[in-house]
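Just so it is clear, the structure is predicted and the values come from calculations on it, not from any experiment. Order of appearance sets the numbers: ligands from 1, and atoms from 1 within every ligand.
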Amino acid sequence: MRVVVPVSGSDPKTRLAAVLDTDERLLFAEAMLGDVVETLAAAGYTPDVVATGPIDCPVPVTVDDRGLDPLVNGLLDDTGGDLAVVMADLPLLTTEAVQRLFAPDTDVVLAPGRGGGTNAVVVRHPEFRVDYHGASIRDHRRIAREIGADLAEIDSRRLATDIDEPGDLAEVLLHGDGRAADWLADAGFEVVAEDGRVGVTRN
Ligand SMILES: Nc1nc2c(ncn2[C@@H]2O[C@H](COP(=O)(O)OP(=O)(O)OP(=O)(O)O)[C@@H](O)[C@H]2O)c(=O)[nH]1
Ligand SMILES: C[C@H](OP(=O)(O)O)C(=O)O
């Protein structure tokens with residue numbers, strides 16, 4: 001099965017702009033992408049990375065400026081609905097989590113993200129199409145239901161932890177051991193407890 005990792009290569013991770021400048025957001029996005037690609041490779045999958053602009057990556061990158069839905073739905077058209085999509089901002093991903101994602105033999109497998117998104121999807125159905133953004137997990141469940149696809153969902157903290165906002169950076173420092181965690185530590189980020197919750201500070 002073809003495994004695609006879509007990634008923003010131009011102005012990525014804008015929701016981290018309060019704590020990272022433009023160049024840093026690209027470097028951090030590259031570190032997270034490196035973690036995802038290496039973990040997929042360790043699990044036996046060779047991902048196709050498709051970026052909106054040039055981005056440093058351990059495997060070759062295809063540049064394609066389509067938005068997320070036209071890109072993924074175009075690839076679903078091309079493959080007849082035989083495609084997996086794994087987001088590039090999942091630096092806690094492990095080989096075990098990847099194996100769990102591909103284990104169900106259903107028409108559609110969804111890995112929900114925290115906050116209502118869809119961090120990974122495996123499609124084995126000719127009619128399934130994606131509708132990202134907003135509460136996309138709900139939309140993807142509905143789309144699967146409407147086409148009569150049988151559906152599995154993966155309840156995995158590591159697949160669910162996408163890094164979108166400054167508060168998410170603590171997850172990377174607390175639980176990550178790859179490029180993204182190293183990059184944050186090198187950039188001076190540390191975990192702090194604030195108002196009973198864990199956050200980050202930068203030295
Ligand atoms: N190829 C491609 N990938 C995208 C596009 N938009 C988002 N992505 C990727 O899809 C995943 C989820 O994206 P988001 O977290 O919603 O978007 P983002 O651009 O990384 O971050 P924000 O600017 O903070 O929304 C990440 O892996 C992004 O790099 C797009 O238009 N094209
Ligand atoms: C693309 C989007 O990502 P989020 O903005 O939820 O991280 C989604 O999963 O629908």
Side-chain angles (χ1 to χ4, degrees), residues 2-40 47-78 83-93 97-98 101 108-123 128-144 153-154 156-169 171-172 178-180 183:
R2 186 166 175 198
V3 181
V4 173
V5 177
V7 62
S8 301
S10 34
D11 200 24
K13 291 289 141 206
T14 54
R15 284 171 280 176
L16 294 175
V19 292
L20 297 176
D21 69 26
T22 308
D23 294 344
E24 289 174 331
R25 283 187 281 114
L26 179 59
L27 291 170
F28 182 57
E30 289 175 342
M32 293 198 289
L33 173 65
D35 285 339
V36 169
V37 165
E38 284 181 351
T39 302
L40 285 168
D48 293 337
V49 175
V50 183
T52 52
I55 189 162
D56 195 46
C57 180
V59 299
V61 174
T62 303
V63 174
D64 185 322
D65 65 3
R66 277 181 286 182
L68 205 47
D69 286 342
L71 171 70
V72 172
N73 286 332
L75 294 173
L76 283 166
D77 290 342
D78 297 344
L83 184 76
V85 183
V86 178
M87 293 314 194
D89 56 357
L90 311 176
L92 303 188
L93 197 64
V98 174
L101 175 69
V108 178
V109 183
L110 297 173
R114 296 188 316 170
T118 308
N119 286 352
V121 57
V122 179
V123 182
F128 187 85
R129 295 295 180 270
V130 294
D131 184 0
Y132 285 110
H133 300 297
S136 67
I137 191 67
R138 216 164 42 183
D139 295 321
H140 291 146
R141 287 181 190 134
R142 176 184 47 76
I143 292 164
E153 289 199 26
I154 309 299
S156 159
R157 182 173 59 87
R158 287 185 172 271
L159 270 165
T161 307
D162 52 338
I163 306 304
D164 291 330
E165 294 169 0
D168 299 331
L169 298 179
E171 298 295 319
V172 185
R179 295 172 183 231
W183 190 90

Backbone of I163 reached by a side-chain donor or acceptor of K13 within 3.5 Å: yes
Atom 1 (C) of ligand 2 - nearest protein heavy atom and its distance: L68 CD2, 3.5 Å
Which residue and heavy atom of the protein sit nearest atom 15 (O) of ligand 1, plus the separation: K13 NZ, 2.9 Å
N or O contact, N119 vs ligand 2, cut-off under 3.5 Å: no
Nearest-contact summary for atom 8 (C) of ligand 2 - protein heavy atom, Å: S136 OG, 3.4 Å
Y132 and H140 aromatic ring geometry - parallel, tilted or perpendicular at 30°/60° bounds: perpendicular
Heteroatom distance test (D164, ligand 1): nitrogen or oxygen, under 3.5 angstrom: yes
N-O pairing of R2 and D78 below 4.0 Å: no
Polar side-chain atom of T52 near backbone of G9 as donor-acceptor pair, under 3.5 Å: yes
Nearest neighbour in protein (non-hydrogen) for atom 9 (O) of ligand 2: T118 N, 2.8 Å
V50 N/O to ligand 1 N/O under 3.5 Å: yes
Under 3.5 Å donor-acceptor, N119 side chain and L159 backbone: yes
Atoms in ligand 2 flagged as close to D164, the criterion being non-hydrogen separation under 4.0 Å: 7 (O)
Contacting atoms of ligand 1, where contact means under 4.0 angstrom from a heavy atom of T14: 22 (P), 23 (O), 24 (O)
CZ/R66: more than 12 non-hydrogen atoms of other groups inside 6.0 Å: yes
Test item, R15 contacting ligand 2 (heavy atom, 4.0 angstrom): yes
Closest protein heavy atom to atom 16 (O) of ligand 1, given as residue, atom name and distance to 0.1 Å: R15 NH2, 3.4 Å
Nearest-contact summary for atom 13 (O) of ligand 1 - protein heavy atom, Å: D89 OD2, 4.5 Å
Is_contact(atom 29 (O) of ligand 1), protein non-hydrogen, under 4.0 Å: yes
Taking atom 6 (O) of ligand 2 as the reference point, the nearest protein heavy atom with its distance: G117 CA, 3.5 Å
From V121, L71, V4, V123, residue fulfilling side-chain contact (heavy atoms from CB on, under 4.5 Å) relative to L76: V123
Over all atoms of both residues, closest heavy-atom pair of D164 and R15: O-CB, 3.1 Å
Minimum heavy-atom distance between A144 and F128, given as atom pair plus value: N-CE1, 3.9 Å
Side chain R158, main chain L92, donor-acceptor under 3.5 Å: yes
Atoms in ligand 1 with a heavy atom of G67 nearer than 4.0 Å: 31 (O)
Heavy-atom nearest neighbour in the protein, as seen from atom 9 (C) of ligand 1, with distance rounded to 0.1 Å: P6 O, 3.5 Å
4.0 Å protein heavy-atom contact status of atom 3 (O) of ligand 2, strictly under: no
Check: A88 N/O within less than 3.5 Å of ligand 1 N/O: yes
Side-chain donor or acceptor of T118 paired with backbone N/O of I137 under 3.5 Å: yes
Minimum side-chain heavy-atom gap V49-P60 below 4.5 Å: no
Within-4.5 Å side-chain heavy-atom neighbours: R179 and P58: yes
Check: M87 N/O within less than 3.5 Å of ligand 1 N/O: no
Sub-4.0 Å heavy-atom contact, E165 with ligand 1: no
Exam field: side chain D35 to backbone A180, donor-acceptor pair closer than 3.5 Å: yes
N/O separation below 3.5 Å, S8 to ligand 1: yes
Atoms in ligand 1 flagged as close to L71, the criterion being non-hydrogen separation under 4.0 Å: 1 (N)
Taking atom 32 (N) of ligand 1 as the reference point, the nearest protein heavy atom with its distance: T52 CG2, 3.2 Å
V7 N/O under 3.5 Å from ligand 1 N/O: yes
